[in-house]
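Working notes, beginning with the structure itself.
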2 protein chains.
Amino acid sequence: MNDYSKIFTDFLLRKEMKFTNSRKIILDTVFSLHDHFDIETLYETIKTKHNNVSRATIYRAIPLLIEAGLLKKSLRSLSKDKYEHIFGHPSHLHLICDKCGKIIEEVDKDVENLLNKIAIKYDFKIKEVNVSLRGFCSDCVKVGSSNV
Amino acid sequence: MNDYSKIFTDFLLRKEMKFTNSRKIILDTVFSLHDHFDIETLYETIKTKHNNVSRATIYRAIPLLIEAGLLKKSLRSLSKDKYEHIFGHPSHLHLICDKCGKIIEEVDKDVENLLNKIAIKYDFKIKEVNVSLRGFCSDCVKVGSSNV
DNA sequence: TTTACTAATGAGAATCATTTGCAACAAGAA
DNA sequence: TTCTTGTTGCAAATGATTCTCATTAGTAAA
Ligand SMILES: [Mn+2]
Ligand SMILES: [Mn+2]
Ligand SMILES: [Zn+2]
Ligand SMILES: [Zn+2]
């Protein structure tokens, strides 16, 4: 059993929940996608592999994966929530192009440290950090930012 | 005419759009609210103080106010976008308590500078920056973070 | 002023992502 | 095996946002 499965089974055990086949499929598919994905993409990906998992079950599994620390709702683009698995990946911020939808990732420990300091200042217990810059990527700036 | 109205009328003039009564009411109400608000709150506030402005008109005015640099979609809570007017206010980040809903604001120029440097590194033209820390505020940590 | 043109509006229907209710199902416990 | 209870798929419900379209109102020309 791989690392993320171990983490999830342990999590489910603690919650007295079952590691069902549907949850197995959802977990594995989440870790097979190496981009920021939305629920519909996840659903379609599962579907093409001939496994029948309903949207409802996916929507029900997502909060579990998040609570287990395996998945993060990391940004919003084109009015859809985008997720990414976070186990094995350093925390990072996003530069989101509003024109072409490109997403650039950047790891920056300095920003992270500053944010942690702010949290300490307020006795705030951080569960999740979100940093995103929206605008135009270099390609789209060249073309002209007159339209959206 | 006050500053924000001047900015908005100039903006509308440039876009060859009209400074209608509905837009006037929406603008004034946006600047009368000194909290982060959602569209429904804005709608209800307008409803109790003025004659009818439809939801559709509000939804249509919001992007204009944002484009004019007067308003910002600054965070998402309970699957609703929360807005705040930004004219006359320094840019700031948010600490959002997932338990009691409290929102703490913090101005941090160092974080801002670091993010600007990242944007320059990628030739990225920033239109909007969003930084938010979710978790438990000091009050809610004390009580115990076992639930939610 | 009046007229004429067009953007803007209000009301509600449509849309789209997400959630929920429920009957059928399946994993363990006994 | 039988029982208990969590889980699932389906479809209907929900809720925020967008769209359609008939009507209204702002503006410029006459
Ligand atoms: Mn990412
Ligand atoms: Mn704020
Ligand atoms: Zn781009
Ligand atoms: Zn709190």
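Heavy atoms only: backbone and side chains are in, while hydrogens, waters and symmetry mates are out. A, B, ... follow the sequence lines: proteins, then strands. Residue 1 opens every chain.
- Counting distance only, with no hydrogens placed and no angle test, the side-chain atoms of A/Arg60 and the base atoms of D/dG6 include no donor-acceptor pair under 3.5 Å.
- Side chain of A/Thr57, nearest nucleotide from D/dT8, D/dA16, D/dT17: D/dT8.
- Of the side-chain N and O atoms in B/Arg23, one or more sit less than 4.0 angstrom from OP1 or OP2 of C/dA8.
- Listed by first and then second residue, the ring-ring contact (aromatic ring centres under 6.0 Å, His included) pairs involving residues 104-127 of chain B amount to none (not counting sequence neighbours).
- Here D/dT7 is the nucleotide among D/dG9, D/dT20, D/dT7 with the atom lying nearest to any side-chain atom of A/Lys18.
- The side chain of B/Tyr59 places no N or O atom within less than 4.0 Å of a non-bridging phosphate oxygen (OP1 or OP2) of D/dT18.
- Across D/dT17, C/dG10, D/dG26, the shortest atom-to-atom separation from the side chain of B/Ala56 is found for C/dG10.
- The shortest distance between the side-chain N/O atoms of A/Thr20 and the OP1/OP2 oxygens of D/dT8 is below 4.0 Å.
- In this structure, B/Ser54 does not reach the C/dG12 phosphate: none of its side-chain N or O atoms is under 4.0 Å from OP1 or OP2.
- No contact: A/Asp38 has no heavy atom under 4.0 Å from any strand.
- B/Phe87 has its ring centre no less than 6.0 Å from the ring centre of B/Tyr4.
- Within the nucleic acid shown, A/Asn52 comes within 4.0 Å of sugar-phosphate atoms alone, with no base atom in reach, counting heavy atoms only.
- Remark: B/Ser22 is in phosphate contact with C/dG10, judged by side-chain N or O atoms under 4.0 Å from OP1 or OP2.
- In this structure A/His36 satisfies the ring pair (Phe, Tyr, Trp, His ring centres under 6.0 Å) test together with A/His94, sequence neighbours excluded.
- B/Asp38 places a side-chain N or O within donor-acceptor distance of the main-chain N or O of B/Glu40, the cut-off being under 3.5 Å.
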